Amino acid sequence: EWLVDKGPISSLEAEKEVQRCDAVVLPSRYTSECQPLSIISAMCYGKVVIINETPALIETAGEYPAIFVKDSLERTVEKWLLEFGSKTIVHSDDTNAAQKRYSKPLFIETLRRLLAS
C-alpha cells in the first residue's frame, strides 16, 4: 500500500511525484544509464534516494547520502524503513549542495568553458 510504481510518466508528472514522495527508488541495472532526472530532482528536494551501485548512478549521487542497493531491493528498502521509519535522512547541507551542483547557472558556465576551449 505504501509503495507506488508509477511506470512511465511525463516529466511534469514525475516532478510532482518527486515533490510528494518520501523516497525515490531507481534500481536500474542499465549499463547505459545516464543521469536520471528523477534522482537529480529527488536530491534537490532533499528526498531519500535508493539506487543501484552502477558507475553512472554513483557519479550522479556524488556526495549525496544515497542508499545503495547492496543485496536485494526489498531488503534495502526494508532496512531503510526499519532504521528511519520513512523519515528523511538528508540534511539541508546535502540538499543545498545538490541544488548548486545541478543548477542552471553552473550548467551554463560549464558549457561555456567547454565550448571556449
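Quantities reported herein were computed from a predicted structural model and do not represent experimental measurements. The chain is numbered in sequence order, starting from 1. No hydrogens, no waters, no symmetry mates; every other heavy atom, side chains included, goes into these values.
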Please find the pair of heavy atoms, one from [X] and one from [Y], that lie closest to each other, and give the distance.
| X | Y | answer |
| --- | --- | --- |
| Met43 | Tyr102 | CE-CE1, 3.4 Å |
| Val18 | Ser38 | CG2-O, 4.1 Å |
| Val90 | Gly46 | CB-O, 3.7 Å |

Taking it one step at a time, do Ile51 and Val69 satisfy side chain to side chain contact (heavy atoms under 4.5 Å, CB included)?
-> CA-CA 6 Å; Ile51 53 180; Val69 177; over 6 Å; no
Salt bridge check: are [X] and [Y] linked by an N-O gap of less than 4.0 Å?
| X | Y | value |
| --- | --- | --- |
| Glu17 | Arg20 | yes |
| Lys100 | Glu63 | no |
| Glu53 | Lys70 | yes |

Can you hop from Ile108 to Leu115 via hydrophobic side chains spaced under 4.5 Å?
->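 Looking at the clustering, Leu115 is in the same group as Ile108.
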Residue among Thr54, Leu37, Ile40, Val49 satisfying side chain to side chain contact (heavy atoms under 4.5 Å, CB included) with Thr60 |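 For Thr60, the side chain to side chain contact (heavy atoms under 4.5 Å, CB included) test succeeds with only one of Thr54, Leu37, Ile40, Val49, which is Ile40.
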If you define the side chain from C-beta out and look only at heavy atoms, does anything of [X] sit under 4.5 Å from [Y]?
| X | Y | result |
| --- | --- | --- |
| Leu26 | Ile50 | no |
| Asn52 | Phe68 | no |
| Ile67 | Val48 | yes |

Pair Tyr45, Glu15: side-chain N/O donor-acceptor within cut-off below 3.5 Å |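 Glu15 and Tyr45 do have a side-chain donor-acceptor pair below 3.5 Å.
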Count the heavy atoms of every other residue, nucleotide or ligand shown that sit under 6.0 Å from CD of Glu83, and state whether that count exceeds 12.
-> yes
Might you confirm whether atom CZ of Phe107 has over 12 heavy atoms from other residues, nucleotides or ligands at distances under 6.0 Å?
-> no
How many angstroms lie between CZ in Arg101 and SG in Cys44, if you round to the nearest 0.5 Å?
-> 10.0 Å
When rounded to the nearest 0.5 angstrom, what distance separates OG in Ser72 from NZ in Lys79?
->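 Rounded to the nearest 0.5 Å, the OG-NZ separation comes out at 11.5 Å.
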